[in-house]
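Input: a single structure, listed below in structure tokens.
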Amino acid sequence: YQLVGNTDFTQSHWTKTASTVESGHISPDGTANAYKLIEDTSDSVHRIFETSTVSASPNATISVFVKYSGRRYVLIRFADQSVGRWYDLISGTLGITYLATPNDSTIEAIGNDWYRITLTHTSNAQARCEFWVSDTQSISSYTGDGESGVYIYGPQLEEGTTASDFVANTTGSPLWIASPTFG
């Protein structure tokens with residue numbers, strides 16, 4: 001099974017730290033259902049996160065679609081495991097790791113300057129998935145300009161080692177869906 005996170009970043013279960021989200025931006029599917037994660041003007045870390053319950057398993061994979069909008073780097077981090085990776089949205093390459101090295105991470109160009117980025121690591125019963133923005137590969141606080149950030153769309157948390165095709169979920173809570181059968 002896979003757990004699909006809520007795709008509406010304005011929902012209250014997405015916690016924003018020194019940032020806001022703005023809806024109505026064009027997503028990879030060509031409709032106005034993407035969001036912009038915008039840093040505020042405080043001297044802080046600028047991030048959004050959600051805590052989801054997953055079955056303890058060998059691996060969990062988080063994926064999200066991202067696009068540059070003033071901030072070059074995005075960090076995906078499993079906070080409960082102290083593991084993460086930076087992704088460079090200008091060069092389209094993997095950046096440095098955060099604390100521990102994840103089991104796997106990918107960045108894939110999908111067109112129109114959008115990337116699908118993934119992070120896979122050993123999970124426990126909780127997965128706090130965080131997305132940070134910065135102009136450097138650093139978790140240090142910085143003073144935001146109130147305008148820069150990244151476009152984000154389609155967060156998805158799954159049990160397993162790869163990201164499956166994106167499944168939209170606009171309900172108020174995470175959704176379980178059946179995984180494909182291989183045979």
Side-chain angles (χ1 to χ4, degrees), residues 4-28 32-53 60 62-102 105 107 112-119 121 123-124 126-157 169-174:
V4 180
N6 186 292
T7 58
D8 183 351
F9 287 104
T10 64
Q11 295 288 324
S12 61
H13 57 85
W14 283 103
T15 302
K16 293 107 182 148
T17 303
S19 63
T20 59
V21 291
E22 176 183 86
S23 63
H25 296 278
I26 302 300
S27 74
N33 57 358
Y35 297 82
K36 183 176 179 183
L37 175 58
I38 305 167
E39 63 191 29
D40 69 11
T41 58
S42 66
D43 183 6
S44 183
V45 297
H46 305 274
R47 66 183 173 180
I48 187 171
F49 63 88
E50 177 183 50
T51 302
S52 298
T53 302
I62 183 75
S63 62
V64 68
F65 297 89
V66 292
K67 182 177 179 177
Y68 174 84
S69 183
R71 288 296 172 226
R72 181 174 186 159
Y73 296 100
V74 172
L75 170 71
I76 296 181
R77 171 174 111 107
F78 281 129
D80 55 315
Q81 299 293 327
S82 295
V83 63
R85 169 148 336 253
W86 288 98
Y87 301 82
D88 186 330
L89 301 184
I90 292 179
S91 69
T93 58
L94 296 173
I96 63 173
T97 59
Y98 167 81
L99 294 180
T101 301
S105 49
I107 184 168
N112 294 324
D113 298 321
W114 281 95
Y115 294 95
R116 189 175 194 199
I117 58 177
T118 69
L119 182 80
H121 199 68
S123 67
N124 58 23
Q126 292 246 323
R128 180 168 151 176
C129 305
E130 298 186 353
F131 305 111
W132 297 41
V133 296
S134 183
D135 213 29
T136 64
Q137 296 179 74
S138 171
I139 60 166
S140 300
S141 296
Y142 69 92
T143 302
D145 63 16
E147 297 175 12
S148 296
V150 297
Y151 296 111
I152 53 177
Y153 171 75
Q156 189 160 286
L157 175 65
N169 173 16
T170 56
T171 66
S173 61

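The first residue of the sequence shown is numbered 1, and numbering continues consecutively from there.
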Closest heavy-atom pair and its distance - Glu39, Asp145: OE2-N, 2.9 Å

Heavy-atom side-chain proximity of Ile26 to Trp114 below 4.5 angstrom: no

Where Ser63 and Thr118 come nearest, the two heavy atoms and their spacing: CB-CG2, 3.7 Å

Side chain proximity check, Thr17 to Ser44, heavy atoms < 4.5 angstrom: yes

Heavy-atom side-chain proximity of Arg72 to Asp88 below 4.5 angstrom: yes

Pro102 vs Thr97 side-chain heavy atoms within contact, under 4.5 Å: yes

Nearest-0.5 Å distance that lies between atom NZ in Lys67 and atom OH in Tyr115: 10.5 Å

Close aromatic pair by centroid cut-off 6.0 Å: His121 and Phe78: no

Derivation of the side-chain contact (heavy atoms from CB on, under 4.5 Å) call for Asp135 and Arg71: CA-CA 5 Å; Asp135 213 29; Arg71 288 296 172 226; 3.6 Å; yes

For Tyr35, side-chain contact (heavy atoms from CB on, under 4.5 Å) partners two or more places apart: Asp8, Phe9, Thr10, Ser23, Ile152

Tyr153 and Phe65 aromatic ring geometry - parallel, tilted or perpendicular at 30°/60° bounds: tilted

Aromatic plane relationship, Trp132 with Trp86 - under 30° parallel, 30 to 60° tilted, over 60° perpendicular: perpendicular

Side chains of Glu50 and Gln11 in contact at under 4.5 Å (non-hydrogen atoms): no

side-chain contact (heavy atoms from CB on, under 4.5 Å) involving Asp40 - partner list, sequence neighbours excluded: Ala18, Ser42, His46

Those residues that, when tested against Phe49, pass ring pair (Phe, Tyr, Trp, His ring centres under 6.0 Å) (two or more places apart): none

Spacing of Ile62 atom CD1 and Phe131 atom CZ [to the nearest 0.5 Å]: 4.5 Å

From CA spacing to verdict: side-chain contact (heavy atoms from CB on, under 4.5 Å), Leu89, Tyr73: CA-CA 6 Å; Leu89 301 184; Tyr73 296 100; over 6 Å; no

Check: Lys36 side chain, Glu147 main-chain N or O, donor-acceptor pair, under 3.5 Å: yes

For Val83 against Ala100, the heavy-atom pair lying closest together: CG2-O, 3.1 Å

Reported NE2-to-CG distance for the pair His25 and Leu37, which is rounded to 0.5 angstrom: 10.5 Å

Any donor-acceptor pair under 3.5 Å from Arg85 side chain to Gly95 backbone: yes

Nearest-0.5 Å distance, CD1 of residue Ile48 to SG of residue Cys129: 11.5 Å

Within 6.0 angstrom of Asp43 CG, more than 12 heavy atoms from elsewhere: yes

Heavy-atom pair of closest approach, residues Thr41 and Thr143: O-CG2, 3.4 Å

Leu94 vs Ser105, side-chain contact (heavy atoms from CB on, under 4.5 Å): CA-CA, chis, key distance, verdict: CA-CA 8 Å; Leu94 296 173; Ser105 49; 4.1 Å; yes

Step-by-step side-chain contact (heavy atoms from CB on, under 4.5 Å) determination, Tyr98 to Ile139: CA-CA 8 Å; Tyr98 167 81; Ile139 60 166; 3.4 Å; yes

Heavy-atom closest pair, residues Ser27 and Asn33: OG-OD1, 2.5 Å

Gly149 backbone acceptor or donor facing Ser69 side chain under 3.5 Å: no

Nearest atoms (heavy-atom pairs only) where Val74 meets Ile117: CG1-CD1, 3.9 Å

